[in-house]
Peer 1: 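One structure follows; several queries about it will come next.
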There are 2 protein chains.
Amino acid sequence: MSKTDYYIGIDLGGTNIKAGLVNTKGEVIDEREIRTEAEKGPDHVLDRIGRMAKSFQSACEEGVHIAGLGVGVPGQVDTAEGIVQEAPNLPGWKQVKVRKELKSRVNIPASVDNDANLAALGEFAFGAGRGIHEMLMVTLGTGVGGGLILGGRVYHGAMGGAGEFGHMVIERNGPVCNCGRRGCIEAFIGTRGLLQAVKDRLEKGRKSPLSAIPEQSRTPKDISEAAESGDALAREVLREAGDALGVALGSVANLLNIERVVVGGGVAKAGDLILNPAREAMKRTALAVSRETVSLVPALLGNRAGLTGASRLAMLDAGY
Amino acid sequence: MSKTDYYIGIDLGGTNIKAGLVNTKGEVIDEREIRTEAEKGPDHVLDRIGRMAKSFQSACEEGVHIAGLGVGVPGQVDTAEGIVQEAPNLPGWKQVKVRKELKSRVNIPASVDNDANLAALGEFAFGAGRGIHEMLMVTLGTGVGGGLILGGRVYHGAMGGAGEFGHMVIERNGPVCNCGRRGCIEAFIGTRGLLQAVKDRLEKGRKSPLSAIPEQSRTPKDISEAAESGDALAREVLREAGDALGVALGSVANLLNIERVVVGGGVAKAGDLILNPAREAMKRTALAVSRETVSLVPALLGNRAGLTGASRLAMLDAGY
């Protein structure tokens, strides 16, 4: 292991595989993206990952050493063994021995973890979480994802299931969540919750440019844009969702006394319209010590957090 | 360090100091309890702790070696330096150098941590948390305390403030908590919340033997006793408080994928009348992986958890 080595980071998604050649500063030297073709099963997908890794190898200058490869997978991972136990959006992925299979294809040591954990690790090592030790990464999208860095390391919990921030309950008799439970934070700030909040207000006769967009094609991006243009209804929806997010973050701060919350994902592009009310509610909910310790910042790496985090996992496993 | 060494554990409270001589199996060989006399200030209290330690030393048989001393303090502790930064119930305790002061008094290496953390460590090492790595200890009393064991070690968070389980919010517009916020779990299952739930029901004309006890002198123990005698109102109050507790525990399970929740404290003496509804709500709230992983059990060490945990801290710091 040396600081001139390069590492490959792979972000395996249900639709696309993103891959990058990354140096030890977290700089992405070379980047590729291909379709996952997940419907053709694990062997096919592993072949595709293997070919991407080989293409990085052959594109490297003489003397460049690729010291490891990390893969982020949207599912449950046995990180010690490098086995994907289950990945709901990847057909056929049950007990897939990713480390062993990739080793036989490309002869580079391979490490595997859950994609949300690696996005957290990416921001922690190279992005908005640098210089601290206790961090929660929250990803706001269709669902609400989470990844924890505790004591400077990814925290997995007993069976690799830690980080499900989206299903912390802030209103036990509240709105129904995608998971079927009531009052999870995802029910307030996930895509469905946001769009429902708009719909409820329009049905009460409130005016907004959002009413010109057919209900089925409205997106969180439409809400952000309307809010940026000054629409009161859209601003209110983002403010209330941000407030709900902040209550949940304040609860996490009380339990874990974290230093920083890093918020990424598509919905987070609404920026301070959602993050400021979240900050206020988080500070209001956190007790003194936790309140003084914690801050909330936007993610810095965008959709590269996953692959740089995957490369960082490979670095850690190589002892760097 | 050897397994025949003994360690002193001190549980420093606002009213009493409990102290024990503990072997490496966690067995309490000798036990003392004296008044804290906290009103006389830190030096006086440290003198009293020092004298207790010396009395253990002089009572020991020839050849017995006391290898360390641990102290649990109801406040915020800099564990690395052995300094109590603040302890609201101990007058004058600001930046008290406990390690240094005890070293000068008794010449035994001293370690210090927050008392809730050490109660968790005690149950983890010698009680209901043996054999696992990820545990939350919850103490149900006037307030609701918490301590976390993550990866087999006490988890402190960034500034020593971790473990405030009692102020996780499960109903953001819910009843007012002792802390002034709304809907914290303590507002439902702390002493005040429980008694308020009884009062609300009696005022609605519900019948219960609890109405024979003057409002000001009712205690959680009265509720437990009435429930055990079959009183429907008391059973309902405990069931609803247990349900609220379980929702918060399910949220923690989702975030941390813990293996075990250990519940102690006076209110927990209501046993399964409160723990069964808590188990049900926890399992209902936790997602699949976390649900399969987590269990809820009563604490085993009672009010000795703190002092055995303090002795365990001393063992750890001695390398045992």
Side-chain angles (χ1 to χ4, degrees), chain A residues 76 85-86 132-136 146 148 150-151 153 155-174 179-185 188 243-244 246-260 281 284-294, chain B residues 76 85-86 132-136 146 148 150-151 153 155-174 179-185 188 243-244 246-260 281 284-294:
Chain A
Q76 208 190 324
Q85 296 168 314
E86 200 173 351
I132 57 165
H133 290 91
E134 321 295 332
M135 174 191 129
L136 172 68
L148 279 169
L150 301 182
R153 305 177 61 165
Y155 179 75
H156 292 96
M159 299 288 288
E164 290 288 0
F165 168 75
H167 300 282
M168 298 189 73
V169 173
I170 59 162
E171 210 173 296
R172 61 186 181 143
N173 302 310
C179 71
R181 293 162 186 80
R182 280 188 178 275
C184 304
I185 179 61
F188 293 90
D243 186 84
V247 170
L249 294 175
S251 290
V252 174
N254 285 336
L255 185 68
L256 296 177
N257 188 205
I258 43 175
E259 288 167 279
R260 205 170 293 168
R284 189 179 76 222
T285 305
L287 302 177
V289 181
S290 298
R291 183 170 54 234
E292 287 159 25
T293 315
V294 71
Chain B
Q76 208 190 325
Q85 296 167 315
E86 200 172 352
I132 56 164
H133 291 91
E134 322 295 332
M135 177 192 126
L136 172 68
L148 279 169
L150 301 182
R153 305 176 61 164
Y155 179 75
H156 293 95
M159 298 288 288
E164 289 288 0
F165 168 76
H167 300 282
M168 297 188 74
V169 174
I170 58 162
E171 210 174 296
R172 60 183 181 145
N173 303 308
C179 71
R181 294 162 187 80
R182 280 191 179 273
C184 303
I185 180 60
F188 294 89
D243 186 83
V247 170
L249 293 175
S251 290
V252 174
N254 285 336
L255 185 69
L256 296 177
N257 189 203
I258 43 174
E259 288 167 278
R260 205 170 292 169
R284 190 178 76 222
T285 305
L287 301 179
V289 182
S290 299
R291 182 171 58 233
E292 287 159 26
T293 316
V294 71

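The shown structure was predicted, so the numbers you read here are calculated from the model rather than taken from an experiment. Every heavy atom of this structure was used, including side-chain atoms; hydrogens, water molecules and symmetry mates were not. Residue numbers start from 1 in every chain, and the chains themselves are labelled A, B, ... in the order their sequence lines are given, proteins ahead of strands.
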Peer 1: Can you list, pair by pair, the side-chain donor-acceptor contacts under 3.5 Å of residues 157-172 of chain A, counting residues two or more places apart and other chains?
Peer 2:
from   : atom 1 : to     : atom 2 : distance (Å)
A/H167 : NE2    : A/E186 : OE1    : 3.4
A/E171 : OE1    : B/R172 : NE     : 2.7
A/E171 : OE1    : B/R172 : NH2    : 3.4
A/R172 : NE     : B/E171 : OE1    : 2.7
A/R172 : NH1    : B/D243 : OD2    : 3.4
A/R172 : NH2    : B/E171 : OE1    : 3.4

Peer 1: Within a strict 4.5 Å, meaning less than it, do heavy atoms of the A/L255 and B/L256 side chains meet?
Peer 2: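 Contact flag for A/L255/B/L256 side chains = yes.
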
Peer 1: Taking atom CD1 of B/I258 and atom CD1 of B/I132, what is their separation to the nearest 0.5 Å?
Peer 2: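 Here the interatomic distance stands at 8.5 Å.
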
Peer 1: Heavy atoms only, distances under 4.5 angstrom: which of B/V252, B/L136, B/L150 has the most pairs with chain A? Name it, please.
Peer 2: B/L150

Peer 1: Below 4.5 Å, heavy-atom pairs only: which of A/R181, A/E259, A/R284 has the largest tally toward chain B?
Peer 2: A/R181

Peer 1: Counting only heavy atoms closer than 4.5 Å, note whether B/L287 contacts chain A via side chain, backbone, both or neither.
Peer 2: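 The answer is both parts of B/L287.
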
Peer 1: For A/R260, is it the side chain, the backbone, both or neither that has a heavy atom under 4.5 Å from a heavy atom of chain B?
Peer 2: neither

Peer 1: Report which part of B/A253 has an atom under 4.5 Å of a heavy atom belonging to chain A: side chain, backbone, both, or neither.
Peer 2: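 For B/A253, no heavy atom lies under 4.5 Å from chain A.
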
Peer 1: Select one option (side chain, backbone, both, neither) describing which atoms of B/R291 are under 4.5 Å from chain A's heavy atoms.
Peer 2: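 For B/R291, the side chain is the part near chain A, not the backbone.
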
Peer 1: If the condition is salt bridge (charged side-chain N to carboxylate O under 4.0 Å, His left out), which residues does A/E292 pass it with, not counting sequence neighbours?
Peer 2: none

Peer 1: Identify the two heavy atoms, one from A/S251 and one from A/T285, that lie closest to each other, and give their separation to 0.1 Å.
Peer 2: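 For A/S251 versus A/T285, the nearest heavy atoms are N-CG2, 3.9 Å.
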
Peer 1: What part of B/Q76 is in contact with chain A, defined as an atom under 4.5 angstrom from a non-hydrogen atom: side chain, backbone, both or neither?
Peer 2: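 Side chain only.
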
Peer 1: Under 4.5 Å, counting heavy-atom pairs only, tell me which of A/A286, A/G174, A/A281 racks up the most with chain B.
Peer 2: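 Most heavy-atom pairs under 4.5 Å with chain B: A/A286.
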
